[in-house]
Amino acid sequence: MIDWGKRLPAYLVGDYQLTATVIFTALFAVLFTVLSAPFHQDFAWFAIGATRGLGFTAIFFLIVLILVSISKRTMHLTGTRRALTYTEYIIWNLLEIIIISTLYTFFTMEGEKLGVIDSFGESPISMFIRAIEQCVIIIGVPYTLAGMYFALMDKNNTIRLMNYSTVVSDEIVAPKDEKKITLFDSSGAMKLSIRSSSLYYIESDDNYIIVWYTDGQDMLKKYMLRCRLKTIEESFSGSSLVRCHRKYIVNTEKIKVLRKEKDGFVLELENESIPPISISKTYEEKILRSVNQFPVD
């Protein structure tokens, strides 16, 4: 059951995801209109193949596309400033449906006055209700399908803690019960498996993460894949991987020294080639609880 006050997953308000959703919705709307128009005579002007009202249809689609694009862009910018909830997301989409339905009703009434549209004597209220019904399908279906698709993609982008499996690895086959950290990219084609004891920290790089670890020869390596740092934080809640900064998650088992400086705490890891990692105020209390067994300078 969905907690409507819960924070909305970031993949639903990402720039790429929302752009793809708008394009998919536009294509779905055109296809739906072409296929359904013959069965809805009261929406006859709203047909791609119609002679009368074809211009109205084209203008209507263009305006709606612009409105939805602006709405999704605004949603993305809002989501970057603060976390949206499921309730806000649903209300936002319902407002889109109401605005589009109002616009459809206005176009129908104006088109009838100009003599290019026949509303078949339907009242404005009835037009609006029918438009709501159509918009719920035209917008609701592609939004739902797009959300499910991006949820699946986000799941594939998650780093998982699991037993050893047949993947590209940093060492010879390990005991079956040894825990491994296995990484999958969005297509699932590229894989990397490393011992949790080999991982030092994970760094955020825009829409990607960089995993820093040592290989079988104790050489520091990095592996990049498209994934959100927040996804990693949630996936490893309660483990030795703890977020210490908006850009970093560290393996607390690899901490050598926790040092207090003028601007706050910093971490030094066991590998000397890794520069000190800052701890931001937001995560200071959490990281201090996790590493209180380590020496403090």
Side-chain angles (χ1 to χ4, degrees), residues 9-11 13-17 79-80 150-162 164-165 167-171 174 178-259 263-284 286-287 290-291 294:
Y11 59 77
V13 292
D15 193 22
Y16 164 78
Q17 288 86 343
T80 59
F150 290 124
L152 180 61
M153 293 295 289
D154 186 73
K155 182 178 180 181
N156 284 337
N157 282 340
T158 303
I159 293 182
R160 305 175 183 89
L161 185 64
M162 56 173 57
Y164 186 86
S165 58
V167 292
V168 178
S169 178
D170 67 326
E171 61 172 327
E178 182 173 350
K179 294 295 182 181
K180 309 287 290 186
I181 292 177
T182 303
L183 294 78
F184 299 85
D185 69 1
S186 58
S187 67
M190 297 179 66
K191 304 176 184 180
L192 172 71
S193 180
I194 59 175
R195 295 167 297 171
S196 59
S197 59
S198 297
L199 191 150
Y200 280 81
Y201 71 105
I202 302 172
E203 178 182 4
S204 174
D205 184 13
D206 197 11
N207 292 323
Y208 292 81
I209 61 167
I210 302 174
V211 180
W212 294 90
Y213 67 98
T214 51
D215 62 11
Q217 286 72 46
D218 206 30
M219 296 291 293
L220 189 64
K221 302 283 187 178
K222 66 178 181 179
Y223 184 85
M224 176 182 285
L225 78 161
R226 188 179 181 89
C227 184
R228 297 177 299 112
L229 202 63
K230 183 64 176 177
T231 301
I232 308 304
E233 181 184 12
E234 294 172 351
S235 300
F236 284 92
S237 177
S239 74
S240 62
L241 297 182
V242 181
R243 190 162 189 168
C244 66
H245 191 274
R246 67 180 181 84
K247 287 194 62 176
Y248 301 109
I249 287 177
V250 296
N251 185 354
T252 56
E253 295 178 357
K254 292 296 184 179
I255 295 175
K256 179 180 179 181
V257 174
L258 171 63
R259 186 171 68 253
D263 297 327
F265 287 94
V266 296
L267 293 171
E268 290 187 6
L269 303 183
E270 293 177 355
N271 193 306
E272 295 182 355
S273 63
I274 299 175
I277 297 176
S278 300
I279 302 174
S280 62
K281 293 292 184 182
T282 304
Y283 303 100
E284 189 174 281
K286 182 177 181 180
I287 198 74
S290 301
V291 301
F294 298 103

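In this text, all values refer to a predicted model and were calculated from it rather than measured experimentally.
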Closest non-hydrogen atom pair, [X] against [Y]:
X    : Y    : answer
E270 : E253 : OE2-O, 3.5 Å
G79  : V13  : CA-CG2, 4.5 Å
I202 : L229 : CG2-CD1, 3.8 Å
R243 : I287 : O-CD1, 4.4 Å
M224 : D205 : CE-OD2, 3.6 Å

Is it true that a side-chain atom of [X] and a backbone atom of [Y] form a donor plus acceptor pair closer than 3.5 Å?
X    : Y    : result
N251 : S196 : yes
K254 : S197 : yes
S240 : T252 : no

Compare all side-chain heavy atoms of Y213 with those of R195 and state whether any distance is below 4.5 angstrom. no
Within the 4.5 Å heavy-atom criterion, are Y283 and Y248 side-chain neighbours or not? no
Restricting to side chain to side chain contact (heavy atoms under 4.5 Å, CB included), what partner residues turn up for S278, sequence neighbours left out? H245, V266
Look up atom [atom1] in [X] and atom [atom2] in [Y], then write down how far apart they are to the nearest 0.5 Å.
X    : Y    : atom1 : atom2 : value
I249 : E203 : CD1   : CD    : 11.5 Å
I255 : C244 : CD1   : SG    : 8.0 Å
I209 : K230 : CD1   : NZ    : 14.5 Å

When the ring planes of Y201 and W212 are compared, do they come out parallel, tilted or perpendicular, using 30° and 60° as the limits? parallel
Residues, nucleotides or ligands: over 12 heavy atoms within 6.0 Å of K222 NZ: no
So which of L267, I279, L241, I274 actually passes side chain to side chain contact (heavy atoms under 4.5 Å, CB included) with V250? L267
